[in-house]
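What follows is a short report on a single structure.
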Amino acid sequence: AQSVAQPEDQVNVAEGNPLTVKCTYSVSGNPYLFWYVQYPNRGLQFLLKYITGDNLVKGSYGFEAEFNKSQTSFHLKKPSALVSDSALYFCAVRDTNAGKSTFGDGTTLTVKP
Amino acid sequence: EAQVTQNPRYLITVTGKKLTVTCSQNMNHEYMSWYRQDPGLGLRQIYYSMNVEVTDKGDVPEGYKVSRKEKRNFPLILESPSPNQTSLYFCASSGIGGGQPQHFGDGTRLSIL
């Protein structure tokens, strides 16, 4: 069985500071990992994914994520946070035949001016 | 515009009254899925479909039915809704393959009284 853990319910950062939203996963086989963002009253939007290759993946809106196989982690990062980055962030793992998807519980990011 | 459309967006109904939430996508995606989002529990997968006439259970299928008669549509059916099915529901679609990101609808908020 696959699982995802987001250990922080909430992350608070000041605008202009770097941000990290943590995610760890458990899968059998190679992981397909994703980050999504949800704004109020909207569906989830895809940010970035890791399938294979470079451990640092870049995505939308200046976000990037670092895949670490030994620590089974896939942390979301951004060098300089914006107030508009405030939202709910979900980490997800998808099985290799694309059937089952498992999401973390979500982390609320608040960026203060 | 590529989109996943859910209807209705909001519904308040009573226990035991059958209801259907429709989902339609215009991206010719083979894969579609239903999730429910509850505070502190993230997104949990209800059912998914790999193609027309192919459906399978997710993690929380009890009390729900689905059908996939056409590629673009994937309705969620609650035959006898109960209050514990009060939740925010999302439909998603993607291409085939575990590395494909999912496209989400804007959600349907169901209240079962």
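Naming convention: chains lettered A, B, ... in sequence-line order (proteins, then strands); numbering from 1 in each chain. What you see is a predicted model, and the numbers here were worked out from it, not measured in a lab.
The two residues M50(B) and G99(A) make their nearest non-hydrogen contact at SD-CA, 3.9 Å. Between R42(A) and D106(B), the shortest heavy-atom contact is NE-OD1, 3.1 Å. Contact detail for G95(B) and R94(A): the closest heavy-atom pair is O-NH2, 4.3 Å. Considering every non-hydrogen atom in both F90(A) and L43(B), the closest pair reads CZ-CD1, 3.8 Å.
Contact check on D56(B) versus K100(A) returns no salt bridge, with no Lys/Arg side-chain nitrogen under 4.0 Å from an Asp/Glu carboxylate oxygen.
Around CG of N30(A), the count of heavy atoms belonging to other residues, nucleotides or ligands within 6.0 Å does not exceed 12. Residue L113(B) places its CG atom among more than 12 non-hydrogen atoms of other residues, nucleotides or ligands, all under 6.0 Å distant. At most 12 non-hydrogen atoms from other residues, nucleotides or ligands lie less than 6.0 angstrom from CG of D54(A). Atom CZ of R109(B) has 12 or fewer heavy atoms from other residues, nucleotides or ligands within 6.0 Å. Within 6.0 Å of the NZ atom in K71(B), the count of heavy atoms belonging to other residues, nucleotides or ligands exceeds 12.
Within the 4.5 angstrom heavy-atom criterion, only side-chain atoms of I51(A), from C-beta onward, approach chain B. Using a 4.5 Å cut-off between heavy atoms, Q6(A) makes no contact with chain B at all. The part of L88(A) that comes within reach of chain B is its side chain, from C-beta onward, which places non-hydrogen atoms under 4.5 angstrom from that chain. Interface residue Q100(B): backbone and side-chain heavy atoms are both found under 4.5 Å from chain A.
Grouping the Ile, Leu, Val, Met, Phe, Trp and Tyr side chains by contacts below 4.5 angstrom, directly or via other members, places W35(A) apart from Y32(A). Under a hydrophobic clustering in which Ile, Leu, Val, Met, Phe, Trp and Tyr are joined whenever their side-chain heavy atoms come within less than 4.5 Å, directly or via other members, Y39(A) and L47(A) fall into the same cluster. Under the 4.5 Å side-chain heavy-atom criterion for ILVMFWY residues, no single connected hydrophobic cluster contains both Y89(B) and L44(A).
Rounding to the nearest 0.5 Å places OG of S94(B) at 11.0 Å from CZ of F46(A). A distance of 5.0 Å separates CZ of F103(A) from CD of Q102(B), quoted to the nearest 0.5 Å. Rounding to the nearest 0.5 Å places OH of Y35(B) at 3.5 Å from OG of S101(A).
Proximity of a side-chain donor or acceptor of Y36(A) to a complementary backbone N or O of P101(B) within less than 3.5 Å is not detected.
Residues meeting the side-chain hydrogen bond (donor to acceptor under 3.5 Å, both in side chains) test with D105(A), sequence neighbours left out: none.
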